[in-house]
Amino acid sequence: GAGDDSDSLLVLAAASLTDAFDDMEIAFEVANPSVDVEISVAGSSAIGVQIEQGAPADVVALADTMPMDALAEAGLVENPSQFATNSMVLAVPIGNPGKVDDFEALSDAALFVGVCAPQVPCGRYAREVLDAAGVDASIDTEEPDVRSLAGKIAVGELDAGLVYATDVRSIPDRLVAIPLPDGVDVRAEYPIAIVSDTDDRDGARRFIDFVRSAAGQAILTDAGFGGA
Amino acid sequence: MGTDVAVSPKGLSAHIRLTRAGFSINADLEVEAGSTAALLGPNGAGKSSVLGAIAGFLELPAGSEISVTLAERSLEDTTARRWTPPEDRNIGVVFQEHLLFGHMTVLDNVAFGPRSTGSRTAEARRQAASWIELLGVSELSDRQPHELSGGQAQKIAIARALAASPDALLLDEPLAALDVAARSEVRRVLREQLDSFRGPRLLITHDPSDAFLLADTTFVIENGRITQRGTPDEIRRSPATPYVAALAGTNLYAGLAAHGSVLLADHDHTFTITDTSMTGSVLLTVHPTAVSLHPDCPSGSQRNVWNTTVELVEPLGDIVRITLGGPVPMAVDVTPAAVTSLGLRPSGPVWAAVKATEISATPA
Amino acid sequence: MGTDVAVSPKGLSAHIRLTRAGFSINADLEVEAGSTAALLGPNGAGKSSVLGAIAGFLELPAGSEISVTLAERSLEDTTARRWTPPEDRNIGVVFQEHLLFGHMTVLDNVAFGPRSTGSRTAEARRQAASWIELLGVSELSDRQPHELSGGQAQKIAIARALAASPDALLLDEPLAALDVAARSEVRRVLREQLDSFRGPRLLITHDPSDAFLLADTTFVIENGRITQRGTPDEIRRSPATPYVAALAGTNLYAGLAAHGSVLLADHDHTFTITDTSMTGSVLLTVHPTAVSLHPDCPSGSQRNVWNTTVELVEPLGDIVRITLGGPVPMAVDVTPAAVTSLGLRPSGPVWAAVKATEISATPA
Amino acid sequence: MRRPPAILLVLAVIGAALFVLPLIGLLGVTPWTDLGSLLTDDVVVDALRLSLITSVAAALCAAVLGVPLAWTLSRVEFRGRSLLRAVVTLPLVLPPVVGGAALLFALGRRGAVGEPLANATGFVLPFSTWGVILANTFVAMPFLVITVEGALSSADRRPEAAAASLGASPLTVFRRVTLPMIAPSLRAGIVLAWARALGEFGATVTFAGNLQGRTQTLPLAVFVSLDANRDAAIAISLLMVVVSVVVLVALRGRWWERTSP
Amino acid sequence: MRRPPAILLVLAVIGAALFVLPLIGLLGVTPWTDLGSLLTDDVVVDALRLSLITSVAAALCAAVLGVPLAWTLSRVEFRGRSLLRAVVTLPLVLPPVVGGAALLFALGRRGAVGEPLANATGFVLPFSTWGVILANTFVAMPFLVITVEGALSSADRRPEAAAASLGASPLTVFRRVTLPMIAPSLRAGIVLAWARALGEFGATVTFAGNLQGRTQTLPLAVFVSLDANRDAAIAISLLMVVVSVVVLVALRGRWWERTSP
Ligand SMILES: Nc1ncnc2c1ncn2[C@@H]1O[C@H](COP(=O)(O)OP(=O)(O)OP(=O)(O)O)[C@@H](O)[C@H]1O
Ligand SMILES: Nc1ncnc2c1ncn2[C@@H]1O[C@H](COP(=O)(O)OP(=O)(O)OP(=O)(O)O)[C@@H](O)[C@H]1O
Ligand SMILES: [Mg+2]
Ligand SMILES: [Mg+2]
């Protein structure tokens with residue numbers, strides 16, 4: 001458990017899981033009244049440092065397999081497994097002020113187009129999407145995280161951008177997804193793992209099982225994630 | 001009280017009524033162009049406040065009534081809601097605490113006025129250098145103010161005010177920080193400058209020699225009120241308050257006269273005077289040389305004799321000034337020989353005597 | 001030069017050698033316990049610096065040599081690398097700019113010393129109140145320092161220093177900011193306090209009357225050097241430098257004597273003296289009353305006659321002091337009648353004459 | 001009665017606009033109708049309580065440690081003084097996330113100091129309210145140190161000399177003369193440190209995590225709401241603005257106006 | 001020759017440890033062997049150049065606009081003065097991301113002022129270097145305003161009166177007397193603003209985005225590297241620390257030490 005409170009289960013979750021894991025917490029606690037789940041969300045990189053520096057956490061859920069593999073290699077987490085996927089979409093603000101009808105429009109220099117930075121997963125995937133579609137996009141910003149990218153599209157600062165399906169789902173009144181061209185299908189994989197140092201291995205196990213259970217998957221699907 | 005001074009068109013006239021923090025000032029001043037007025041008063045009498053009101057620095061408390069006119073231009077008139085900012089009054093000020101600009105050299109301090117009124121830097125510096133030379137401190141030109149002694153700083157402050165070629169000059173105790181040698185030297189410079197300066201000059205001081213030596217008119221201010229005005233001579237000859245009398249080197253007492261006796265107002269003592277017809281409030285003047293001192297009770301013609309103690313023995317040039325304690329504080333001048341023969345020393349007992357004819361009485 | 005003063009075991013002795021920013025100080029002072037020494041000198045002579053060195057405030061430049069001993073305790077000795085911090089020197093200081101603590105009332109300012117040395121607040125306040133009363137300004141107790149006039153502030157600064165019951169007292173021009181009335185009053189209080197104070201007292205001043213009235217010994221400092229030491233009388237009677245002579249109200253000139261003629265060192269003039277045997281460096285003293293002034297070249301027995309201009313006319317009590325300009329600056333005392341009859345005015349021409357017998361010459 | 005120079009006023013208005021326009025922008029997108037329900041959510045109430053506690057605690061810690069540090073930097077001569085002075089500005093320059101990571105490297109459970117500390121006492125800073133206070137102190141203290149050091153260095157030293165001559169020990173001089181003399185700057189420094197601590201996000205989330213009721217302060221609550229519940233995020237931001245403006249305006253005259261003549 | 005009071009030194013050492021320990025922690029995880037290659041990457045070189053340009057530009061903008069604003073707040077009496085004074089601290093309190101969002105609401109392409117501006121002139125602040133400078137100025141200016149206003153409010157007003165009596169207009173008084181008098185605080189304020197602008201991350205990324213060579217400053221480069229290339233992130237953080245320490249130490253004696261006696 002976290003700190004001195006041994007009944008609670010501390011879950012470190014990537015920021016894009018905020019809403020899904022809020023619901024997850026409630027559902028799990030209903031199912032396991034004796035366990036108090038605490039969710040601490042932060043950027044993937046912050047979670048990585050926290051785990052390395054011995055954060056008193058029990059479960060880690062990230063938005064990318066690479067950092068999780070690194071943690072596993074270092075022996076800091078055990079048995080990472082995929083629990084959700086997310087797909088890339090082309091998002092435009094509601095009303096589509098930039099008149100982006102298809103993927104080719106992304107190469108229009110007059111449009112404001114954003115993607116994630118190549119160093120972060122959604123940027124990696126965005127590049128895969130663009131390569132697959134064969135578009136030489138005129139990029140105005142490479143946002144360090146997908147939330148800030150989705151936010152900029154939502155307020156209309158950007159005319160279009162490549163974000164996750166879950167981002168569009170979480171602000172349906174502001175974002176519209178434009179279908180990707182055929183044959184372009186890039187999926188992000190979300191891994192979850194037990195922290196090696198956990199003092200509640202059983203609780204951690206149970207939480208992960210819950211996430212991967214039908215009930216957990218339903219919550220994730222509801223938030224726009226693809227199944228494991 | 002005092003003579004009314006008509007002010008010439010080019011002069012300065014100020015009417016100031018204000019109360020702040022329980023201290024109220026009620027003073028009217030007029031200074032003719034080309035003449036120097038001294039504002040003489042004890043510490044805390046309100047001299048600096050009057051200067052602040054004239055120069056436009058004072059934060060005016062509500063209910064103040066100020067009007068200031070200089071060279072026929074009304075600079076301020078609270079009833080007409082007129083107010084001129086300090087920089088447009090063209091009144092030069094030398095401050096009690098010099099207030100040189102710490103981040104400029106002495107030369108640039110003095111050049112500040114000319115530069116502010118439009119001269120170019122080189123020209124302003126040239127003017128400044130000549131003012132500094134006039135005050136005989138050219139070697140200080142390149143120093144920073146914090147490298148000056150108190151007296152040096154004050155000289156530079158005077159040069160700075162003069163260099164701005166103001167219409168009127170206000171000086172707040174400009175000589176207070178100077179040593180005796182520098183003081184008479186700066187006093188000479190000041191007088192030359194004041195004399196060649198065509199506007200009105202107001203000199204604030206608590207030192208009567210400054211007032212008497214440099215001023216054409218003197219205003220005495222006590223506790224926020226002008227208590228006497230006149231030429232230095234008039235003030236010296238007929239002091240109107242004990243403070244002025246002390247300044248003029250004489251003794252003054254207020255009292256109630258009846259049948260040739262005067263019961264002093266502030267002291268538990270009665271003097272005998274010659275004029276038996278006088279009745280009511282009177283002012284008595286006793287010149288310090290008119291009093292004789294004796295080791296024992298003198299048996300002479302003197303009508304006023306009393307026993308007292310010596311408070312202070314001060315050699316003043318060729319005479320020695322003795323200050324007597326109760327019942328009547330009095331300054332007495334004697335010769336150094338008398339001090340020795342009478343064994344006068346602070347706290348020692350002594351008899352004092354003065355003839356009734358030596359006490360001059362005027363109706364108050 | 002001057003007499004050597006042996007210092008009693010309880011006294012203060014200070015040896016100061018330092019150079020900063022081109023100005024060097026080289027001064028030895030000794031003050032006996034129970035006596036007051038005055039350190040008298042013109043602006044910028046180094047008086048405040050000497051005080052700073054004794055009190056332990058001065059940032060010492062490299063190469064300084066300081067030793068300070070008080071009541072047989074060596075407070076500082078640069079050769080022995082000994083240094084006592086100011087708070088452990090137990091030296092009371094009254095500063096030239098009063099330096100009251102702006103955030104405390106007057107009462108708490110004065111109570112600061114007793115509190116710092118261990119008294120409890122109530123007791124410290126009680127002591128402070130009695131000191132303030134002694135200086136006659138009880139009504140100021142609850143004010144903030146910025147509500148005081150310059151003179152009031154200085155009185156409180158004196159009370160504050162005395163209330164800390166120091167072993168020695170240093171006063172840096174404590175009367176400079178006071179008006180004439182307050183000055184003689186505070187001077188009296190000071191004298192009482194100085195007299196009842198058992199430790200050594202050092203009074204810094206540029207006002208000779210303070211030095212002569214309050215001090216037992218006087219050190220004259222000019223340009224960082226002690227130029228004369230002695231009792232006020234000795235100094236007045238035989239001034240060793242022109243500065244001291246001017247203070248003592250007389251005229252002093254250095255020169256080279258040969259065959260009854262003295263060529264002045266600092267002025268382009270020669271005086272005739274009676275002693276024809278004197279040769280080499282001499283000091284000449286000319287008393288201001290020994291000089292006579294004339295509208296035209298006087299044809300009399302005087303051996304020294306020269307044409308000059310009037311620089312300054314200053315009434316001093318019953319006489320008038322005339323300051324003459326080049327070739328020999330000289331102070332001359334005349335009667336007011338003479339001023340009128342000779343038409344003496346600044347910048348006016350005049351002839352001066354002095355008999356050879358009236359010029360006293362001593363080997364320098 | 002004074003006419004302020006026009007050029008200064010024009011520049012001042014532009015400068016003020018830079019602060020006022022974003023505030024107006026924020027007010028323009030504020031969900032006024034839902035404000036009540038958004039702000040009474042217990043996430044917000046917990047975060048507000050925690051934010052007030054930790055920001056005040058951090059401001060006090062910053063004062064207790066920062067004033068002596070400022071005094072030492074200004075009054076004690078030692079080798080490396082200007083290096084230390086520069087290091088004090090570290091939290092200003094370092095992106096807060098990196099600052100939080102650096103704190104973890106030093107004071108985390110595996111940190112150079114944190115590990116021996118945890119082994120000896122069992123006391124773990126990260127993911128505790130103490131950790132929030134530490135992270136807040138870390139980012140807020142430079143403000144106080146720099147403000148106070150500036151005041152100390154430009155203060156008139158002569159009253160301190162006067163106090164010493166009255167027998168006051170250096171500590172007494174510090175307490176009774178130096179501190180009151182720089183009181184306005186000290187107050188300004190504390191207010192600055194408090195405001196910075198109130199808004200602190202990056203170092204806190206990295207060092208102390210983001211746990212409702214324990215380490216989730218208002219800025220962290222804004223962060224978790226940004227995605228899905230933008231209205232809540234804006235409402236909380238507005239709450240922070242209101243809290244700080246209310247505090248600063250209430251302290252007006254006492255903390256901001258000059259107290260000495 | 002002075003012995004500083006022990007209690008002050010002890011507290012100062014604890015305070016200093018709070019800054020020194022994280023720095024040591026950071027140095028402990030620095031990839032020393034790869035440092036050269038990590039820092040000569042053209043992403044880093046571009047970011048360094050952009051950071052230096054924008055932080056200096058922001059510090060200058062903050063001075064040009066902030067000094068008149070501080071002067072107005074301290075010297076001109078007007079309604080809402082203490083409210084404005086509180087609003088100036090907004091960027092301190094607001095989490096930078098929210099600050100950036102507020103800037104977007106006001107000055108973004110769709111912002112209240114930004115949209116008309118873009119329609120009229122075609123000039124778009126977000127996603128441009130100008131936007132970075134604006135965001136940096138926004139977060140950095142409070143430091144300058146607060147520092148300078150404190151100095152103005154506690155400054156001796158009498159030299160200003162003396163200058164006015166010499167015929168100097170209010171603007172001349174401001175330029176030639178007031179500004180030089182508060183020069184040490186002004187310098188400190190500029191340095192603070194510069195350091196804050198150098199470390200600025202949240203508002204910049206939110207308002208101006210992140211594009212190498214145009215809007216990607218060092219902190220943004222650090223942030224995007226944190227995930228994939230921690231060593232690079234730490235190397236760049238260290239570079240920022242070194243840049244600011246070098247600048248601050250180099251300016252020592254001129255900017256930090258008191259200049260007037
Ligand atoms: N800022 C202030 N607030 C309230 N009272 C003040 C203030 N400044 C001065 N006073 C009071 O006003 C009175 C007049 O002060 P002012 O400075 O004008 O006297 P002064 O004649 O110049 O004295 P001094 O010769 O000592 O300089 C004094 O009683 C003083 O205590
Ligand atoms: N901080 C300083 N740095 C350099 N020189 C200084 C400094 N302070 C004073 N001086 C110079 O040292 C000399 C002695 O100054 P000091 O203040 O001791 O004189 P003083 O005798 O007290 O003069 P005053 O009667 O004007 O107060 C002067 O020439 C002055 O210009
Ligand atoms: Mg005055
Ligand atoms: Mg001095």
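All values reported here derive from a predicted model rather than from experimental measurement.
Annotation: maximal heavy-atom pairing with chain D below 4.5 Å, among L198(E), L103(E), V88(E), occurs at V88(E). Chain D forms the most heavy-atom pairs under 4.5 Å with one residue out of L23(E), L94(E), V113(E), and that residue is L23(E). Comparing G111(D), G202(D), A62(D), A86(D) by heavy-atom pairs within less than 4.5 Å of chain E, the highest count is held by A86(D). Put simply, of G199(D), G28(D), S185(D), the one with the most heavy-atom pairs under 4.5 Å next to chain E is G199(D). Among the candidates E200(D), M141(D), R196(D), R75(D), the residue making the largest number of heavy-atom pairs closer than 4.5 Å to chain E is M141(D). Ranking L218(E), L171(E), I234(E), V246(E) against chain D, the residue ahead of the rest is L171(E), based on heavy-atom pairs under 4.5 Å.
Atom CD1 of I14(D) sits about 10.5 Å away from atom SG of C61(E), to the nearest 0.5 Å.
V98(E) approaches S237(D) most closely through the heavy-atom pair CG1-OG, 3.1 Å. Between P68(E) and L11(D) the shortest heavy-atom distance is CG-CB, 3.5 Å. The nearest pair of heavy atoms linking L84(E) to A16(D) is CD1-CB, 4.0 Å. Summarising the geometry of L26(E) relative to A102(D), their closest heavy-atom pair is CD1-CB, 4.1 Å, with the distance given to 0.1 Å.
Residue V87(D) touches chain E through both its backbone and its side chain, counting heavy-atom pairs closer than 4.5 Å. Both the backbone and the side chain of A195(D) come within contact range of chain E, judged by heavy atoms closer than 4.5 Å. For chain E, the nearby part of L90(D) is the side chain; its heavy atoms alone come within less than 4.5 Å. Interface residue V64(D): backbone and side-chain heavy atoms are both found under 4.5 Å from chain E. Looking at V245(E), the atoms closer than 4.5 Å to chain D (heavy atoms on both sides) sit in the backbone and in the side chain alike. Interface remark: L220(D) contributes no atoms to any contact with chain E (heavy atom separation under 4.5 Å). Looking at V29(D), only its side chain comes within 4.5 Å of chain E, counting heavy atoms on both sides. Looking at V222(E), the atoms closer than 4.5 Å to chain D (heavy atoms on both sides) all sit in the side chain, from C-beta outward. At a 4.5 Å heavy-atom cutoff, the contact between V76(E) and chain D is made by side-chain atoms alone.
With contacts defined as side-chain heavy-atom distances shorter than 4.5 Å, the pair F19(E)/P91(D) qualifies. Taking the side chain as every heavy atom from C-beta outward, M240(D) and P95(E) approach each other to under 4.5 Å. Residues P22(E) and F207(D) are not in side-chain contact: their nearest non-hydrogen atoms beyond the backbone lie 4.5 Å or more apart. Within the 4.5 Å cutoff, no side-chain heavy atoms of F174(E) are placed close to those of I7(D). Between F143(E) and L92(D) the shortest side-chain heavy-atom distance falls below 4.5 Å. For the pair L18(D)/T137(E), a side-chain contact is recorded, criterion being any heavy-atom separation below 4.5 Å from C-beta on.
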> Step by step, would you call T72(E) with L9(D) a side-chain contact (heavy atoms from CB on, under 4.5 Å)?
Replying inline: CA-CA 7 Å; T72(E) 306; L9(D) 286 188; 3.9 Å; yes
> Where do T147(E) and T147(D) land on the side-chain contact (heavy atoms from CB on, under 4.5 Å) test, with the steps shown first?
Replying inline: CA-CA 7 Å; T147(E) 312; T147(D) 313; 5.8 Å; no
> Stepwise, does the side-chain contact (heavy atoms from CB on, under 4.5 Å) test hold for L8(E) with V67(D)?
Replying inline: CA-CA 8 Å; L8(E) 292 185; V67(D) 171; over 6 Å; no
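S55(D) meets the side-chain hydrogen bond (donor to acceptor under 3.5 Å, both in side chains) test with W194(D); sequence neighbours excluded. The side-chain hydrogen bond (donor to acceptor under 3.5 Å, both in side chains) search around S74(E) returns none, not counting sequence neighbours.
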